[in-house]
Amino acid sequence: MKFRFVSPAFISLIVAVVVFSCGSGKQNNNQTKSKGKMKVESKVFGNVDGKEVYLFTLQNNKGMSVSITNYGGIITAVYTPGKNGKSEDVVLGFDNLQSYLDGHPYFGALVGRYGNRIAKGKFVLDGHEYTLAVNNGENHLHGGLVGFDKKVWEAEPFQKDNEAGLKLHYLSKDMEEGYPGNLDVHVTYTLSDMNELKIEYSATTDKPTPVNLTSHSYFNLTGGEENVMNHEVEINANRYVVVNESLIPTGELRASSGTPMDFSKMQSIGSRYSQVDGGYDHCYVLNKDSNELSLAAKVVEPQSGRTMEVWTTEPGVQFYTGNFLDGTLTGMNGVVYKKNYGFCFEAQHFPDSPNQPDFPSSILKPGETYKQTTLYKFSVQ
Ligand code: GLA
């Protein structure tokens, strides 16, 4: 069933009916029961520019659920158990659409057409200079003024054995926010019965264009009880992208060993945080030489026992520790989002790649298919 822009009567029908149980149809009853029930529930979340917006909740039978709205493809909540068995929300987000419309720093959003910054919003491609919308000082950030995080995506929930998911589709028109080419984007979220949330991205274009899609969830594995300084983090990287005071890469990839930037061994976020100017907001160069799905980072929150692994096909991961949060936003469950109340692992190509000839290319050409996968895996220790 596709959720396009449908009538109110149809919405009521959807709300009443769209509860999918995994294994229905082709499996016999015993198999269905032994495999448990994975569900996708949906409800109307609101309306943007005359288009209906939904909230879909994927639920497995290991106590995990993930809520996603087709406004911005935003992950609004991720409930996952701690060592006491209690499932709590481990991402920053809101329980109503209006709070997202009022403005927020990309909580849980699908970011595109280009994640992170492009210096001065300019780049040259095939001899032509393009000028993008500028929304971060003099720079372009996360796709511009109206990035993919603010678009209403077409949505189609699905369920399979031991998986439940949501397919999203958006057509970004030629010159949207200044980018060349019609970019046809598909993103699939899948929750497994192994407590893995997989995000698969694919895109095609009719003109060469930069593409760098990412997911901008802010995690707090305590369930929002305190800031993230006691979370322990390991990143599978020995180098990071050096940036200037506007967070634009200088072009240097610097070794992190022996510095406060070094997370090659498990370290708490807070242990050296005060030694890093402005806090962590850096792209790490993952230790890999191909685009295989590989482990990028591990996080342990000692009090709840929750752990998270990040796997990705991307060459980099932006580690951001919510340095710009300032307590002005209150989220789900009444948690005030103060400085450092969440951390992000945004798997992506390096910032400003269109202007950095030595970085892995982020240019997609007609006839090619952009394909990336990122996986967040939760467990308890
Ligand atoms: C990314 C950037 C940060 C900040 C956040 C959103 O992580 O690197 O500098 O812009 O997004 O607030």
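As the structure lists them, so they are numbered: ligands from 1, and atoms in each ligand from 1.
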> Counting from 1, what ligand 1 atoms have a heavy atom of L141 closer than 4.0 Å?
10 (O)
> Without hydrogens or angle criteria, can the side chains of H169 and D184 be said to hold a donor-acceptor pair below 3.5 Å?
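D184 and H169 do have a side-chain donor-acceptor pair below 3.5 Å.
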> Quick check on contacts: which atoms of ligand 1 are under 4.0 angstrom from a heavy atom of Q318?
8 (O)
> Suppose we measure from atom 7 (O) of ligand 1 to each protein heavy atom; which comes out shortest, and what is that distance?
E346 OE2, 2.7 Å
> Flag this pair as yes if the NZ/CZ of K122 is under 6.0 angstrom from the six-membered ring centre of Y130 and inside a 45 degree cone about the axis; otherwise no.
no
> Do E176 and S172 have a side chain donor and acceptor closer than 3.5 Å?
yes
> Check each heavy atom of Y218 against ligand 1 and say whether those closer than 4.0 Å belong to the side chain, the backbone, both or neither.
side chain
> What are the atoms of ligand 1, with element, lying closer than 4.0 Å to any heavy atom of P105?
12 (O)
> Counting non-hydrogen protein atoms only, what is the nearest one to atom 5 (C) of ligand 1? Give residue, atom name and distance.
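That would be H216 NE2, 3.6 Å.
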> Verify whether one side chain among N236 and N287 offers a donor that lies under 3.5 Å from an acceptor in the other.
yes
> Any atoms of ligand 1 less than 4.0 Å from a non-hydrogen atom of N116? List them with their elements.
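Under 4.0 Å from N116, ligand 1 has these atoms: 2 (C), 8 (O).
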> Among protein heavy atoms, which sits nearest to atom 1 (C) of ligand 1, and what does the distance come to when rounded to 0.1 Å?
H142 NE2, 3.2 Å
> Would K207 and D174 pass as an ion pair if we require N to O under 4.0 Å?
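Yes, charged N to carboxylate O under 4.0 Å.
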> Taking 4.0 angstrom as the limit and counting only heavy atoms of L247, give me the atoms of ligand 1 inside it, by number and element.
9 (O)
> Using a 4.0 Å heavy-atom threshold (strictly under), name the region of N136 that reaches ligand 1: side chain, backbone, both or neither.
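Neither part.
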> Does NZ or CZ of R272 lie under 6.0 Å from the centre of the six-membered ring of F263, at an angle within 45° of the ring axis?
yes
> Look at atom 10 (O) of ligand 1 and say which protein heavy atom is nearest, naming residue and atom and giving the distance to 0.1 Å.
R117 NH2, 3.3 Å
> I need the nearest protein heavy-atom contact for atom 2 (C) of ligand 1: residue, atom name and distance, please.
D281 OD1, 3.5 Å
> So if you build clusters from Ile, Leu, Val, Met, Phe, Trp, Tyr with side-chain heavy-atom gaps below 4.5 Å, do L58 and Y79 land together?
no
> Do N139 and N136 have side-chain N/O donor and acceptor atoms under 3.5 Å apart?
no
